[in-house]
Amino acid sequence: MNDVRWLTDDEQRIWRLFMDAVRDFNAHLDRQLRRDSGMPVAYYEILVHLSEAPGRSLRMSQLADLARSSRSRLSHAVAALEKAGYVSRCATDADRRGSVAQLTDTGFAVLEAAAPGHVTEVRKHLFDVLTPEQQQKLGEISGAVQEGLRPICAQARAEDAEAAENAEAAENAAAAANAGAGQDAVARDVADGAAVTEA
């Protein structure tokens, strides 16, 4: 491991400050939304993405990309939002294997009620503590980090999508096999019943 570029003391300090700030900031936003609106920040972000989409709806694959979430984690979150009446799901017209999530009127009203408190906390604990110059630098730094991660994250999302499609195909095949087995069993029962009657 002699080729590892270990962090200098100053880089280590910056790295830990960055990680602690991100964790503390996200944790604070999550607590505020849970307390005031009864939902975690991840659910709030899903509602935001849907509210900004045409028709307030997105394919689940698109929503997963925007939310930076795995398909399985997103499916769990959307199921909870659907149970609460904030989101509805239906199969797409073009591809019956895919599904679309749509923000309901109830979900939009909940989002409208939650947004002021959330935005107030973002402004208070991010923008109000930075000068305009620091805000500009933060945007540049965030963009640079995101750009460096873009190809890696894109590949990871593609692999996750492929795994989800394979899992769904396996489930459909298993369901079809079970249905076929059930039909065969019914056919055998009918045949056995006919044989008994003839006897």
Side-chain angles (χ1 to χ4, degrees), residues 16-93 98-150 152-154 156-158 160-161 164:
R16 292 182 179 180
L17 278 172
F18 170 75
M19 289 299 295
D20 288 346
V22 170
R23 278 193 290 260
D24 288 348
F25 191 76
N26 285 334
H28 174 70
L29 294 181
D30 191 72
R31 285 192 300 269
Q32 181 271 322
L33 279 167
R34 287 178 185 273
R35 181 190 68 233
D36 297 343
S37 303
M39 75 176 86
V41 69
Y43 289 11
Y44 176 87
E45 290 175 352
I46 290 172
L47 298 185
V48 169
H49 291 311
L50 290 173
S51 74
E52 295 173 341
R56 298 179 186 170
S57 64
L58 287 167
R59 288 181 65 103
M60 288 290 285
S61 57
Q62 294 174 306
L63 186 54
D65 288 343
L66 289 171
R68 302 293 194 271
S69 173
S70 67
R71 300 294 181 87
S72 59
R73 186 176 302 169
L74 177 71
S75 181
H76 177 78
V78 170
L81 291 168
E82 191 174 21
K83 184 177 180 180
Y86 301 164
V87 171
S88 63
R89 265 191 295 187
C90 64
T92 63
D93 293 334
S99 61
V100 169
Q102 183 169 34
L103 184 65
T104 65
D105 290 341
T106 299
F108 187 73
V110 166
L111 180 61
E112 280 190 314
H118 174 72
V119 172
T120 295
E121 294 305 305
V122 171
R123 177 166 295 284
K124 178 180 178 181
H125 296 287
L126 180 62
F127 293 101
D128 285 354
V129 301
L130 299 176
T131 66
E133 292 76 15
Q134 288 173 326
Q135 293 175 21
Q136 185 65 31
K137 287 294 184 183
L138 179 62
E140 294 172 1
I141 292 168
S142 299
V145 172
Q146 188 178 49
E147 188 62 31
L149 289 169
R150 193 181 304 280
I152 300 172
C153 292
R157 286 194 293 271
D160 177 65

Set of side chain to side chain donor-acceptor pair (under 3.5 Å) partners for Q146, sequence neighbours left out: none
I need the [X] [atom1] to [Y] [atom2] distance, nearest 0.5 Å.
X: E133; Y: L138; atom1: CD; atom2: CG; value: 13.0 Å
X: S70; Y: H76; atom1: OG; atom2: NE2; value: 11.0 Å
X: K137; Y: L130; atom1: NZ; atom2: CG; value: 13.5 Å
X: L81; Y: T106; atom1: CG; atom2: OG1; value: 12.5 Å
X: L111; Y: S51; atom1: CG; atom2: OG; value: 5.0 Å

So, for H118 and Y44, is the gap between ring centers shorter than 6.0 Å?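 They qualify: ring centres under 6.0 Å apart.
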Atom CG of residue position D128 - does it have more than 12 heavy atoms of other residues, nucleotides or ligands inside 6.0 Å? yes
Verify side-chain contact (heavy atoms from CB on, under 4.5 Å) between L47 and Y43, making sure each step is shown before the conclusion. CA-CA 6 Å; L47 298 185; Y43 289 11; 5.7 Å; no
Walk me through it: do E45 and L33 pass the test side-chain contact (heavy atoms from CB on, under 4.5 Å)? CA-CA 11 Å; E45 290 175 352; L33 279 167; over 6 Å; no
Does [X] reach the main-chain N or O of [Y] with its side chain, forming a donor-acceptor pair under 3.5 Å?
X: H49; Y: L63; result: no
X: S75; Y: R71; result: no
X: Q134; Y: T131; result: yes
X: T104; Y: G85; result: yes
X: D30; Y: V41; result: yes
X: Q102; Y: L58; result: no

Provide the closest heavy-atom pair for [X] versus [Y] in the form atom of the first, atom of the second, distance.
X: V129; Y: L126; result: CG2-O, 3.1 Å
X: A64; Y: L74; result: N-CD2, 3.4 Å
X: L50; Y: A101; result: CD2-O, 3.5 Å
X: G117; Y: Q32; result: C-NE2, 3.6 Å

Can Q62 and D65 be said to form a side-chain contact (heavy atoms from CB on, under 4.5 Å), step by step? CA-CA 5 Å; Q62 294 174 306; D65 288 343; 5.7 Å; no
Applying side-chain contact (heavy atoms from CB on, under 4.5 Å), run through R34 and R31 and close with a yes or a no. CA-CA 5 Å; R34 287 178 185 273; R31 285 192 300 269; 5.9 Å; no
Is any side-chain heavy atom of V100 closer than 4.5 Å to one of M60? no
Less than 4.0 Å between a side-chain N and a carboxylate O, is that true for E121 and K124? no
